[in-house]
*Asks:* 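Have a look at the structure that comes next, please.
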Amino acid sequence: MPFTRTQSGLSNLALFHGVDFIVFSEGGCESYSYGDVINGKFNEKAVDIKFWSGIFSKHNFNKTIEYRALGSKTSLQKICQLIIENKISNVIVVLDSDLDGFLGSRFNSPYILYTQGYSWENDVYHPELVKEQISSFIFTAKLLPKYINILNQAYKNFDRHAHRLLMLEIMFRQNDVRFITDCNGERFINGKSIPRLKLDQILNLIKQKKALLPKPVNMPAIPVKICPIRFCYGKLREALGIALISYICGKLNGIKSLPKDLIVGAMIERYKNRTPHPEDNYYAKIVSNLKAA
């Protein structure tokens with residue numbers, strides 16, 4: 001049967017390419033359907049590949065790998081289901097946690113690796129790493145107190161709203177509607193002055209989308225142990241971090257050009273090379289589980 005052959009083809013990809021595993025990820029310039037994947041289509045380059053290859057390297061995964069980015073999550077979910085059903089082998093899927101744990105759609109297998117929070121951006125754009133990156137770009141060993149104050153106030157403002165934003169997103173998602181996660185993160189961050197959340201944009205979005213929700217609407221309860229900053233929209237976290245880097249390095253220090261791609265690549269490298277940190281334990285554990293599988 002053709003379907004059986006496609007499963008066999010996926011399992012044999014690693015052997016065909018002389019590696020131990022094929023790793024499928026999100027990201028890249030194009031999104032490919034499952035049929036496209038079977039026909040050998042994929043993105044060779046993706047930010048997600050850079051992040052996850054750093055995770056495997058940092059935590060000493062010593063198997064050979066070929067990475068294939070498929071764009072959106074839909075095709076990955078199909079491959080995840082085949083892994084769960086033991087219909088394919090020699091395949092690893094790496095993907096954003098998104099809100100799958102809240103919505104009951106998370107797969108459980110050592111060969112399916114999720115980000116610690118909503119997405120890799122939640123890990124990479126940690127305040128301390130953003131501070132280090134700014135210090136690196138402006139060639140100083142120590143940030144001026146006024147810069148530290150700008151950073152601290154920006155994150156304090158963001159963190160103050162993170163819990164409510166997460167509740168709103170879950171509420172909409174439980175009714176099959178995307179809220180902020182359907183938008184570009186930059187829309188909600190003021191980058192022209194000291195970076196802050198644009199609360200007016202959030203309120204406007206609520207007005208636009210509230211009619212899509214059934215009545216009555218109940219706000220979801222989020223377990224106390226869940227960190228809203230870790231599970232807030234990762235693109236929003238990234239937009240804040242990049243806005244802070246651009247504002248302090250560009251507007252306050254005269255650096256004329258800081259392309260976003262340059263910042264993203266530098267931040268992922270900084271995260272990869274960070275000295276051992278308690279927050280790394282999550283990735284150390286899931287890579288360890290993969291080694292033992």
Side-chain angles (χ1 to χ4, degrees), residues 1-57 61-100 103 105-115 118-121 123-124 176 178 181-185 233-235 238 259-262 264-265 268-269 272 283 286-287 290 293:
M1 293 175 60
F3 189 65
T4 303
R5 289 202 298 272
T6 61
Q7 294 171 20
S8 176
L10 278 178
S11 296
N12 290 330
L13 265 179
L15 179 63
F16 182 78
H17 290 281
V19 295
D20 295 310
F21 290 100
I22 300 294
V23 174
F24 291 104
S25 78
E26 296 175 81
C29 297
E30 296 187 48
S31 290
Y32 293 105
S33 68
Y34 179 71
D36 291 332
V37 176
I38 294 303
N39 289 320
K41 294 182 179 180
F42 63 95
N43 297 297
E44 293 184 5
K45 299 178 182 179
V47 177
D48 298 73
I49 290 177
K50 184 170 181 63
F51 174 77
W52 282 103
S53 64
I55 291 296
F56 285 128
S57 174
F61 187 66
N62 59 2
K63 301 293 185 180
T64 54
I65 290 171
E66 177 174 305
Y67 291 93
R68 297 189 169 199
L70 305 183
S72 72
K73 204 171 181 178
T74 305
S75 297
L76 291 177
Q77 289 172 325
K78 172 65 176 178
I79 297 172
C80 286
Q81 189 62 47
L82 294 175
I83 291 174
I84 292 295
E85 295 171 355
N86 294 317
K87 292 180 178 178
I88 58 174
S89 57
N90 310 317
V91 169
I92 297 169
V93 173
V94 293
L95 68 171
D96 291 342
S97 287
D98 200 314
L99 298 177
D100 292 0
L103 303 174
S105 55
R106 190 178 176 106
F107 295 96
N108 184 20
S109 166
Y111 298 102
I112 302 172
L113 282 65
Y114 287 93
T115 53
Y118 184 95
S119 64
W120 61 264
E121 288 93 340
D123 290 307
V124 168
D176 297 320
R178 283 184 173 269
T181 57
D182 199 34
C183 306
N184 189 307
Y233 183 29
K235 295 296 183 185
E238 178 187 56
K260 179 179 177 180
D261 288 348
L262 173 65
V264 172
I268 292 177
E269 282 294 314
K272 173 188 172 183
Y283 291 105
I286 61 174
V287 173
L290 178 59

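For this chain, numbers begin at 1 and follow the sequence in order.
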*Asks:* What's the separation between atom OG1 in T64 and atom CD1 in I22, rounded to the nearest 0.5 Å?
*Replies:* 9.0 Å
*Asks:* Should the ring pair Y67 and F56 be called parallel, tilted or perpendicular, given that the plane angle runs from 0 to 90° and is split at 30 and 60?
*Replies:* tilted
*Asks:* Over all heavy atoms of both residues, which pair between P110 and L290 is shortest? Give the atoms and the distance, please.
*Replies:* O-CD1, 3.4 Å
*Asks:* Any chance you could measure D123, atom CG, to F51, atom CZ, to the nearest 0.5 Å?
*Replies:* 5.0 Å
*Asks:* Provide the closest heavy-atom pair for T181 versus Y118 in the form atom of the first, atom of the second, distance.
*Replies:* CG2-OH, 3.1 Å
*Asks:* At what distance, to the nearest 0.5 angstrom, does OH of Y233 lie from CG of D182?
*Replies:* 8.0 Å
*Asks:* With under 30° as parallel and over 60° as perpendicular, where do the rings of F21 and F61 fit, or are they tilted in between?
*Replies:* tilted
*Asks:* Counting distance only, does the side-chain N/O of S57 pair as donor-acceptor with the main-chain N or O of S53 below 3.5 Å?
*Replies:* no
*Asks:* I268 and K50: which non-hydrogen atoms are nearest, and at how many Å?
*Replies:* CG2-CG, 3.8 Å
*Asks:* Hey, could you give me the CD1/CD1 distance between I112 and I286, rounded to the nearest 0.5 Å?
*Replies:* 11.5 Å
*Asks:* Looking at Y114 and D98, would you say the former's side chain and the latter's main chain have a donor-acceptor pair under 3.5 Å?
*Replies:* no
*Asks:* Would you indicate whether the side-chain heavy atoms of I65 and V19 approach each other to under 4.5 Å?
*Replies:* no
*Asks:* Checking F24 against L10 for the side-chain contact (heavy atoms from CB on, under 4.5 Å) test, could you report, in this order, the C-alpha distance in whole Å, the side-chain angles of both residues, the deciding distance, and whether it holds?
*Replies:* CA-CA 11 Å; F24 291 104; L10 278 178; 4.0 Å; yes
*Asks:* Quick one: do the N90 and S11 side chains pair a donor with an acceptor below 3.5 Å?
*Replies:* no
*Asks:* Side chains of F107 and V93: closer than 4.5 Å at any heavy-atom pair?
*Replies:* no
*Asks:* Hey, does V91 have a side-chain heavy atom less than 4.5 Å from the side chain of L13?
*Replies:* no
*Asks:* Looking at every heavy atom in both E44 and I49, which two are closest together, and how far apart are they?
*Replies:* O-CD1, 3.5 Å
*Asks:* Decide side-chain contact (heavy atoms from CB on, under 4.5 Å) for W120 and D48; before the verdict, give the C-alpha distance in whole Å, the side-chain angles of both, and the deciding distance to 0.1 Å.
*Replies:* CA-CA 8 Å; W120 61 264; D48 298 73; 3.7 Å; yes
*Asks:* Distance from I92 atom CD1 to C80 atom SG, nearest 0.5 Å?
*Replies:* 11.5 Å
*Asks:* Which donor-acceptor pairs under 3.5 Å do the side chains of residues 68-76 make with protein atoms, sequence neighbours left out?
*Replies:*
{"unit_1": "R68", "atom_1": "NE", "unit_2": "E66", "atom_2": "OE2", "d": "3.0"}
{"unit_1": "R68", "atom_1": "NH2", "unit_2": "H17", "atom_2": "NE2", "d": "2.9"}
{"unit_1": "R68", "atom_1": "NH2", "unit_2": "E66", "atom_2": "OE2", "d": "3.1"}
{"unit_1": "K73", "atom_1": "NZ", "unit_2": "D96", "atom_2": "O", "d": "2.9"}
{"unit_1": "K73", "atom_1": "NZ", "unit_2": "D100", "atom_2": "OD1", "d": "3.4"}
{"unit_1": "K73", "atom_1": "NZ", "unit_2": "D100", "atom_2": "OD2", "d": "2.8"}
{"unit_1": "S75", "atom_1": "OG", "unit_2": "Y32", "atom_2": "O", "d": "2.4"}
{"unit_1": "S75", "atom_1": "OG", "unit_2": "Y34", "atom_2": "N", "d": "3.2"}

*Asks:* Measure across I83 and S109 and return the closest heavy-atom pair with its distance rounded to 0.1 Å.
*Replies:* CG2-OG, 3.6 Å
*Asks:* If you round to the nearest 0.5 Å, how far is OG of S105 from CD of Q77?
*Replies:* 7.0 Å
*Asks:* Kindly say whether S33 contributes a backbone atom to a donor-acceptor pair with the side chain of D36 at under 3.5 angstrom?
*Replies:* yes
